[in-house]
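Working notes, beginning with the structure itself.
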Amino acid sequence: MSIASLARMPLIDAPSAQAMFAYAQRLAIEQGLALRAPPPEPTTCCGRGCHGCVWEGFFAAATFWREDALAALVRASLKPATMA
């Protein structure tokens, strides 16, 4: 598992977004981090491909969430290990 892999994961549909969220959460747990909750999937899509579809907003929010998670993961990986 790597931070670079997280950055390259596609965000093209709901399953790919859920896979990306799960991968990021696993990386965070490995580093002892807690990430904020990912954005919820839309429930109001009409399926007509509207301009400004709720899914466009979801993918924008998912992209921002990933950027935020990547920043937290990189910061955590740069911290020196503390001695107990």
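Residue numbers count from 1 along this sequence.
- To the nearest 0.5 Å, atoms CG (L27) and CG (L6) are separated by 6.0 Å.
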Which pairs would a plain distance check flag for residues 53-64, meaning a side-chain donor or acceptor within less than 3.5 Å of a matching protein atom at least two apart in sequence or in another chain?
{"residue": "E56", "atom": "OE1", "partner": "G52", "partner atom": "N", "Å": "3.3"}
{"residue": "T63", "atom": "OG1", "partner": "F59", "partner atom": "O", "Å": "2.8"}

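- Between Y23 and S5 the shortest heavy-atom distance is OH-CB, 3.5 Å.
- The cluster map of Ile, Leu, Val, Met, Phe, Trp and Tyr, joined by side-chain heavy atoms under 4.5 Å apart, puts I29 and I3 in different clusters.
- Following chains of ILVMFWY side-chain contacts shorter than 4.5 Å, one can reach L78 starting from L70, so the two form part of one hydrophobic cluster.
- Rounding to the nearest 0.5 Å gives a distance of 10.0 Å between CD of Q25 and CE of M20.
- When atom types are taken as modelled, the side chain of R66 and the backbone of A24 share no donor-acceptor pair closer than 3.5 angstrom.
- Distance OG/S16 to CE/M9: 8.0 Å, rounded to 0.5 Å.
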Please set out all donor-acceptor pairs under 3.5 angstrom arising from side-chain atoms of residues 32-45, sequence neighbours excluded.
{"residue": "R36", "atom": "NE", "partner": "D68", "partner atom": "OD2", "Å": "3.1"}
{"residue": "E41", "atom": "OE2", "partner": "Q18", "partner atom": "NE2", "Å": "2.7"}

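- In this structure, R48 has no side-chain hydrogen bond (donor to acceptor under 3.5 Å, both in side chains) partners at least two apart in sequence or on a different chain.
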